[in-house]
K.L.:
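Quick one: this structure, given as structure tokens, is what I'll be asking you about.
Remember, it's a predicted structure, so these values are computed and weren't measured experimentally. The first residue of the sequence shown is numbered 1, and numbering continues consecutively from there.
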Amino acid sequence: QVQLVESGGGSVQPGGSTTLSCTASGLDLKDYGLGWFREGPDKKLEELTCIDSRDGKTYYTGAVKGRFTMTVDYARNTMYLQMNNLKRDESAKYFCAAEIGLGVVGGHCPRDWSYDEWGQGIQVTVSS
């Protein structure tokens, strides 16, 4: 059974940092394109960062580039999202996602519909 289980999150002050983890079971992350998303007030999923399954290269959207860092520990089959300098409007439910063999085209992270495997989502609240 494939599972992505997220942990971390919680409350953080504006300008603060936190790290999310996403541990996979039933699949080998090294075979998968990986992504992190967050759910906006309109319930739409916004792509934040992704890894191309073909070369392991990491991409970031303009909204998070320079502040968020996505890493993967393949030995632990776990992906991470370190978030720095968080803003109040970045309070959201954050999701990890994986899709076997998924690549990145034109430097743009794949949209949510490209992924079949999802974590349960974890809340991050940015508030003083």
K.L.:
One pair to check against side-chain contact (heavy atoms from CB on, under 4.5 Å): Tyr60 and Thr69. What are the steps and the verdict?
P.N.:
CA-CA 8 Å; Tyr60 299 91; Thr69 302; 3.8 Å; yes

K.L.:
Less than 4.0 angstrom from a charged side-chain N to a carboxylate O is my criterion; do Asp55 and Lys57 meet it?
P.N.:
no

K.L.:
With a 4.5 Å heavy-atom cut-off, do Met83 and Leu20 have their side chains touching?
P.N.:
yes

K.L.:
Calculate, to the nearest 0.5 Å, the distance between atoms CZ and CG belonging to Arg54 and Asp52 respectively.
P.N.:
4.0 Å

K.L.:
Would you say the side chain of Glu47 lies within less than 4.5 Å of the side chain of Arg111, judging by non-hydrogen atoms?
P.N.:
yes

K.L.:
Under the side-chain contact (heavy atoms from CB on, under 4.5 Å) criterion, do Thr71 and Tyr80 qualify, and how do the steps go?
P.N.:
CA-CA 5 Å; Thr71 56; Tyr80 303 92; 3.5 Å; yes

K.L.:
Which one of Thr58, Asn77, Ile51 satisfies the side-chain contact (heavy atoms from CB on, under 4.5 Å) criterion with Val72?
P.N.:
Ile51

K.L.:
Which pairs would a plain distance check flag for residues 5-14, meaning a side-chain donor or acceptor within less than 3.5 Å of a matching protein atom at least two apart in sequence or in another chain?
P.N.:
unit_1, atom_1, unit_2, atom_2, d
Glu6, OE1, Ile122, N, 3.2
Glu6, OE2, Cys96, N, 2.8
Glu6, OE2, Gly121, N, 3.4

K.L.:
List in chain and number order the residues that pass side-chain contact (heavy atoms from CB on, under 4.5 Å) with Ala92, two or more places apart in sequence or in another chain; answer none if no residue qualifies.
P.N.:
Arg38, Tyr94

K.L.:
Could you tell me which residues satisfy ring-ring contact (aromatic ring centres under 6.0 Å, His included) with Phe37, sequence neighbours excluded, listed by chain and number?
P.N.:
Tyr115, Trp118

K.L.:
Less than 4.5 Å apart, side chain to side chain, heavy atoms only: is that true for Trp36 and Cys50?
P.N.:
no

K.L.:
Show your reasoning for whether side-chain contact (heavy atoms from CB on, under 4.5 Å) applies to Met70 and Leu34.
P.N.:
CA-CA 10 Å; Met70 178 179 185; Leu34 307 173; 3.5 Å; yes

K.L.:
Which atom pair, heavy atoms only, marks the closest approach of Ser53 to Leu102?
P.N.:
OG-O, 2.8 Å

K.L.:
Looking only at heavy atoms, which two atoms of Leu4 and Cys22 are closest? And how far apart?
P.N.:
CB-SG, 3.8 Å

K.L.:
Contact between Phe68 and Leu48 at the side-chain level, heavy atoms closer than 4.5 Å - yes or no?
P.N.:
yes

K.L.:
Flag the pair Glu39 / Glu46 as yes when at least one side-chain heavy-atom distance between them is below 4.5 Å, and no otherwise.
P.N.:
no

K.L.:
For residues 19-32, pull every pair meeting side-chain hydrogen bond (donor to acceptor under 3.5 Å, both in side chains), keeping only residues two or more places apart or in separate chains.
P.N.:
Thr23-Thr78

K.L.:
So if you build clusters from Ile, Leu, Val, Met, Phe, Trp, Tyr with side-chain heavy-atom gaps below 4.5 Å, do Val124 and Val64 land together?
P.N.:
yes

K.L.:
Could you report the tightest heavy-atom contact between Gln120 and Phe95, atom names first, then the distance?
P.N.:
O-CE2, 3.7 Å

K.L.:
Is it possible for you to say whether Val126 and Leu81 belong to one hydrophobic cluster, with membership spreading through side-chain heavy-atom contacts below 4.5 Å?
P.N.:
yes

K.L.:
Arg88: what forms a salt bridge (Lys or Arg N to Asp or Glu O under 4.0 Å) with it, not counting sequence neighbours?
P.N.:
none

K.L.:
Excluding sequence neighbours, so at least two apart, what forms side-chain contact (heavy atoms from CB on, under 4.5 Å) with Asn84?
P.N.:
Ser17, Gln82

K.L.:
Distance check, rounded to the nearest 0.5 Å: Arg76 atom CZ versus Leu29 atom CG?
P.N.:
13.5 Å

